[in-house]
Amino acid sequence: MAAELTAHQLIEQHRPTLDQALEAIRTRAYWSPHPEHPKAYGENGSLDAAAGKAAFDALLGSRLDLGQPGTDDWVGGETSPYGIELGVTYPHADVDTLLPAMRAGQRAWRDAGAEMRAVVCLEILKRISDRTHEFAHAVMHTSGQAFMMAFQAGGPHAQDRGLEAVAYAYVEQVRTPDNAEWTKPQGKRDPLALTKRFTPVPRGVALVIGCNTFPTWNGYPGLFASLATGNAVLVKPHPRAVLPLALTVQVAREVLAEAGFDPNLVALAAERPGEGIAKTLATRPEIRIIDYTGSTAFGDWLEANARQAQVYTEKAGVNTVLVESTDNYKGMLSNLAFSLSLYSGQMCTTPQNLLIPRDGIRTEEGPRSYDEVVADLARSVGGLLGDDARANGLLGAIVNPDVKARLEAAAGLGEVALASREIANPEFPDAVVRTPVIVKLDGAKPDDQAAFMNECFGPVSFAVAVDSAADAVALLRRTISSRGAMTVGAYTTSEEVEEAVQEACLEECAQLSLNLTGGVYVNQTAAFSDFHGSGGNPAANAALCDGAFVANRFRVVEVRREA
């Protein structure tokens, strides 16, 4: 296919955005080129709400032919957590044919250089952004997120994370100059003179193993970090959440072809029901990079067995909030209630353990006992979710039966402070919608420790009674070091306690939020400014995004010759 997008056009259009992204990761200030509000779309080629919904509806029951080589079957089977059959089928690949085809285009992609790769990636992101309404429905009906969250987290926030990865990739590649003239004096003799050329060289084919809950938000960093550093990328979606990443692959292939590159640099690996191709792909010699989000068990397996690849994992942790004192009691309760409720707790950043001294806490309204704090938090959650329409907009739907089973089992682990209730969704009668459960446990009892020291993914939180703030910090430290944490929160007006919590998080390498009482929540992170995960505790071996996330996706090869 003849190139339709010239290097000049792409650089002229996207270089200013790249420069703004580079400045944003330097200053860590707020910035995003992707609008969060649905009404911002509908001009300059982007789909408005009606057009996006129509585009999604047109996908239902269709065959998504990506034009990939090696297609030997058509597979599907996704069912929305809201109860509708998607009916989309995808190409099933003969990887012995597909992988060599993917590698064939890497030389031209490598030789294009860091800037060209970056602006091609930005064109891919721009076209995805134009279809944000369509992608939002795809994310909603594969993840169970409520529409507004699917729109924002699955759309602009995911696109921001992809762009952030491109920016970091560009910085690391241009850190070394393309050429250098090297001269070494030799006294009375002629100096030694060499001309040196330095080329960022990709590792090979990268594999992105997608997750069910945040297919784009968690998938885009690895996809774009690998593509921007010269690697071909094979996308293996979660079998329950194929559509958002299949659409992403479709857009990437179109842009690559129009820019004069091999579209097979990006391909999809959909699987038959129960096929489980992730292990097979992960240990193929052609796969040199792996990005994975999901369970600790499979993440550990990848780290142990995919020895030929550079493996980046985001696994599971036990996120903890320490509650010692506050000067804004109502604000604290409101903030925590929202954090526990958002997307039914189905976020890797949702707090699970709330460590509360059994003697109670200090507030600006006077002391509150442990029982009072837990009861007040339960009332705050109940009030937030008391209106079913608002509750549906916050909770979304339970993503899979395993989450529902954990939620139901949690009520048997201790005294229930807040029982989960079922909520009907009038628009989607088959959706499984449940409010969170809060269970009271004792931090000193071994049986209770066995419950709260393991991740219970979903709308389940444990109010853990501890003997003192010092015991809470010690338990926090032990939890991070042994189980990992994507997020840590703390509420305290004590400088001493704040210092102890901060030191624990610095030493155990966990991201900390202090005294959040407004519209920022512990389970939300902003691209270009916040780091998602640290890479320094068992919950994840990488952070989204930093230099370490991109720098080992390529190596620099030097060619030197006498001047």
Side-chain angles (χ1 to χ4, degrees), residues 1-7 9-11 14 18 64-71 90-91 93-128 162-163 165-166 169-170 173 199-210 216 219-237 244-270 281 284-291 309-310 312 550 553-555:
M1 180 177 179
E4 299 176 16
L5 296 169
T6 67
Q9 290 171 329
L10 288 167
I11 292 170
H14 296 299
L18 177 61
L64 198 66
D65 191 346
L66 301 174
Q68 296 182 176
T71 298
Y90 309 95
D94 174 358
V95 292
D96 289 327
T97 300
L98 181 58
L99 287 172
M102 295 183 71
R103 297 175 69 184
Q106 281 194 305
R107 177 176 179 177
W109 187 235
R110 177 201 71 201
D111 292 346
E115 183 180 48
M116 184 62 181
R117 287 193 293 272
V119 295
V120 169
C121 287
L122 265 61
E123 175 66 19
I124 295 169
L125 285 164
K126 194 254 182 216
R127 294 196 191 183
I128 292 171
L163 175 54
V166 173
Y170 179 80
Q173 289 174 98
T199 303
V201 173
R203 279 187 172 272
V205 179
L207 175 66
V208 174
I209 303 175
T216 55
Y220 283 5
L223 192 165
F224 285 99
S226 288
L227 193 60
T229 49
N231 303 278
V233 183
L234 180 60
V235 179
K236 204 297 290 183
L245 290 178
L247 293 175
T248 302
V249 170
Q250 182 185 58
V251 174
R253 291 175 63 84
E254 290 171 354
V255 171
L256 285 163
E258 290 178 28
F261 297 102
D262 191 335
N264 295 323
L265 287 165
V266 179
L268 185 76
L281 289 173
R284 296 268 312 202
E286 301 95 330
I287 300 298
R288 304 303 302 277
I289 301 167
I290 298 172
D291 287 276
Q310 182 71 29
Y312 300 89
V550 299
R553 295 172 190 264
F554 68 95
R555 311 309 298 163

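Taking A269 as the reference, L234, K236, I277, L281 meet the side-chain contact (heavy atoms from CB on, under 4.5 Å) condition, with sequence neighbours excluded. By the side-chain contact (heavy atoms from CB on, under 4.5 Å) test, E123 is found to be paired with L5, L10, Q13, H14, R127, V255, residues two or more places apart in sequence or in another chain being considered.
Remark: the backbone N or O of V266 is paired with a side-chain donor or acceptor of R253 at under 3.5 angstrom. T248 places a side-chain N or O within donor-acceptor distance of the main-chain N or O of P244, the cut-off being under 3.5 Å. For the pair T229 (side chain) and S226 (backbone), a donor-acceptor distance under 3.5 Å is present.
With values rounded to the nearest 0.5 angstrom, T71 atom OG1 is found 7.5 Å from L98 atom CG. The structure places CZ of R288 at 10.0 Å from CD of Q310, a figure rounded to the nearest 0.5 Å. To the nearest 0.5 Å, atom CD of residue Q250 and atom CD1 of residue I124 are 12.5 Å apart. In this structure, the separation between CG on L64 and CG on L247 is 6.0 Å, given to the nearest 0.5 Å.
At a threshold of 4.5 Å between non-hydrogen side-chain atoms, the residues L223 and D291 do not count as touching. In this structure, the side chains of V249 and L245 stay at 4.5 Å or more apart for every pair of heavy atoms. Two residues are said to be in side-chain contact when any heavy atoms from C-beta on lie closer than 4.5 Å; L163 and F224 fail this criterion.
Listed here is the closest heavy atom pair of P202 and N231: CB-OD1, 3.2 Å. Residues A309 and I287 come closest through the heavy atom pair CB-O, 3.6 Å. Looking at every heavy atom in both residues, Q68 comes nearest to N264 through CA-OD1, 4.5 Å. Heavy atoms only, all atoms of each residue included: L268 and P91 are closest at CD2-CD, 4.5 Å. Among all heavy-atom pairs drawn from T97 and P69, the shortest one is CG2-C, 4.4 Å. Considering all non-hydrogen atoms of both residues, P200 and F554 come closest at CB-CD1, 3.8 Å.
The environment of R284 atom CZ is dense: over 12 non-hydrogen atoms of other residues, nucleotides or ligands sit within 6.0 angstrom.
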Without placing hydrogens or testing angles, list every side-chain donor-acceptor pair under 3.5 Å for residues 104-120, not counting sequence neighbours.
unit_1: Q106; atom_1: NE2; unit_2: G204; atom_2: O; d: 2.8
unit_1: W109; atom_1: NE1; unit_2: L227; atom_2: O; d: 2.9
unit_1: E115; atom_1: OE2; unit_2: R15; atom_2: NH1; d: 2.9
unit_1: R117; atom_1: NE; unit_2: A228; atom_2: O; d: 3.0
unit_1: R117; atom_1: NH1; unit_2: W109; atom_2: O; d: 3.0
unit_1: R117; atom_1: NH1; unit_2: R110; atom_2: O; d: 2.8
unit_1: R117; atom_1: NH2; unit_2: Q173; atom_2: OE1; d: 2.5

Q | Test side chain to side chain contact (heavy atoms under 4.5 Å, CB included) applied to L66 and Y90, step by step | A | CA-CA 8 Å; L66 301 174; Y90 309 95; over 6 Å; no
